[in-house]
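Please read all numbers here as calculations on a predicted model, not as lab measurements. Ligands are counted one by one from 1 in listed order, and the atoms in each one are counted from 1 as well.
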Amino acid sequence: MIPSGAPIVTAAEMRAAEQAVFASGVSQDSLMERAGAAVARETARFATGRPILILAGPGNNGGDSYVAARLLQNAGHDVSLVATGAPAPGAAERMHALWHGPTSSLYAARPRPVLVDGLFGTGMTRPLERGLAAVFADLCKQAEFTLAIDLPSGIHADTGADLGAPRGIDVTLALGALKPGHLLDIGLERCGRVLLADIDIPVHTRWRTVTRPRIDTPGAHSHKYSRGLVAVIEGAMPGAARLAARAAMAGGAGYVVLAGDRPWGEGPDALVRREVRTAEDLSEFLGWDRIDAIVLGPGLGRDRRAEAYLRAAFAAPKPLILDGDALTLLGTDAARWLETRAAPTWITPHSGEFDRMFAGVGSKIDRTLAAAAEARATIVHKGADTVIAAPKGEVRLLAHGSRWLSTAGTGDVLAGLLAAQVVQSGKGVAPAEAAVWLHARAAQLAGPALIADELIGHIPGAISECL
Ligand SMILES: NC(=O)C1=CN([C@@H]2O[C@H](COP(=O)(O)OP(=O)(O)OC[C@H]3O[C@@H](n4cnc5c(N)ncnc54)[C@H](O)[C@@H]3O)[C@@H](O)[C@H]2O)[C@H](O)CC1
Ligand SMILES: [K+]
């Protein structure tokens, strides 16, 4: 569980935001008191009277620990503390001096039912030392409830990479804002439930977690064309394009056309079919001015005709959603090709497709942002941690999507759903955010062992939560 619509900042941005608070006249001690008070409040809520062990590292994460230990003890809790080294000069040292309760060394620590991890937070720069990681993991294992301050110690704040974090953290209390490490990579599975404590540090960022979209009920004068026409192009595996087309219909598009050489197969009667056999046919069809968005890629194939279809779709001056085989065909030339398009483009790669198209370093957010800027396209980089990035720097992140989505055809559904949002809500991240939210919610509604066909049936239920 991750708070929705919450700001996400890097460790450096968080430090800069803290500096701005200090510059406005707030002392470091009072900010640390706020952080420690938030930790004490949440710990007390979950501890329900059980004995508490607090781990305090050498930096400001440890400083928060000393404050929380003092406040919990003052409130009557049974608290003991483990310090892993001398506190750094400054606020952490002053908070250490105010702690008068029992303190032991890490290696002599006895497990207690409630564990608070204040070893390292955003200052985590290198892997945990082995012995420390082993003792820490053991204390977590033996605790009944574990809360991590800001981040689990052993998770890289900016990438979510594993620097030795234990399993079994129940709650991570993010201070001030979420960090990428709460949402990406190993961080996503090691943080447990993420709660966000507002400690009054203003942050300015264009990175947020995905929120539930607001969808308008069609107006009195709406008609099939005003609600948007989506053209889905069929290829070698027609089932995939049909899934995308049905998802576009369920997603609220006014009119959906399936175009291909075998479009007459199964599927709803409300789906309009159009026979297209060659790239010339396709160009002619895509010249129809009623078309508001094109979906190309699901089940397209990778033969010469598929390449010719891709060129025809690229040349059409219409919003274009590219998925699956279209992305494989673009390959390492993707950015060069995509940046030539005048009309808006969305691409929906999973990590394998993304890595074939783009180089790049850093976190999944950094790499997706760099690719979006280079390709001048909005990218929905799918996975357990789905990152949406737009060329001008906007980022949306959806973590904890249903693991049951990892099955054939769900990506085709997302592509169709995205097209439906594009024709209804326009440019950039907004339609992608809406599509990703609806897709995840439909998956929750479909429950375990879902198949892509069933997912489509739950899209209207997801939409009804957004009206
Ligand atoms: N800045 C503030 O006033 C506030 C910060 N808050 C909390 O502070 C942490 C960030 O604190 P910082 O001191 O920058 O870093 P850490 O406490 O995470 O640790 C830094 C400390 O640890 C050393 N170190 C890093 N990695 C390792 C390692 N693998 N093994 C051993 N030592 C390591 C590093 O060199 C430093 O000495 C933030 O997360 C908040 O919890 C408050 O929230 C608000 C006030
Ligand atoms: K921590």
- Message: Please report whether atom 3 (O) of ligand 1 has a protein non-hydrogen atom at a separation of less than 4.0 Å.
- Response: yes

- Message: At less than 4.0 angstrom from any non-hydrogen atom of D150, what atoms of ligand 1 do you find?
- Response: 38 (C), 39 (O), 40 (C), 41 (O)

- Query: Quick one: which ligand 1 atoms are inside 4.0 Å of a heavy atom on P127?
  - Reply: 29 (N)

- Query: Is there a donor-acceptor contact under 3.5 Å linking the side chains of D366 and S363?
  - Reply: yes

- Message: I want to confirm something. Looking only at heavy atoms, which of E33, M14, R126 is nearest to atom 28 (C) of ligand 1?
- Response: R126

- With the K ion (ligand 2) at the center, what angle do O from F120 and OD1 from N61 span, rounded to 10 degrees? 70°

- Query: How many degrees, to 10°, between S153 OG and I149 O as seen from the K ion (ligand 2)?
  - Reply: 170°

- Note on the structure: For the K ion (ligand 2), the nearest N/O/S atom on D117 is atom O

- Query: If you measure every N/O of L175 against every N/O of ligand 1, is any gap under 3.5 Å?
  - Reply: no

- Looking at atom 1 (N) of ligand 1, what's its closest protein heavy atom, distance included? E18 OE1, 2.6 Å

- Message: So if I count the atoms of ligand 1 from 1 in the order they appear, which ones are less than 4.0 Å from some heavy atom of T125?
- Response: 25 (C), 26 (N)

- Message: When you compare the side chain of D453 with that of R246, does any pair of heavy atoms fall below 4.5 Å?
- Response: yes

- Message: Pairs of nitrogen or oxygen atoms closer than 3.5 Å, one from N61 and one from ligand 1: do any exist?
- Response: yes

- Item | Of T43, D170, D117, the residue whose pairing with L147 passes side chain to side chain contact (heavy atoms under 4.5 Å, CB included) | T43

- Item | Interfacing atoms of ligand 1 (cut-off 4.0 Å, heavy-atom, M124) | 18 (O), 25 (C), 26 (N), 29 (N)

- Will you find, in the side chains of D158 and T10, an N or O donor that is under 3.5 Å from an N or O acceptor? no

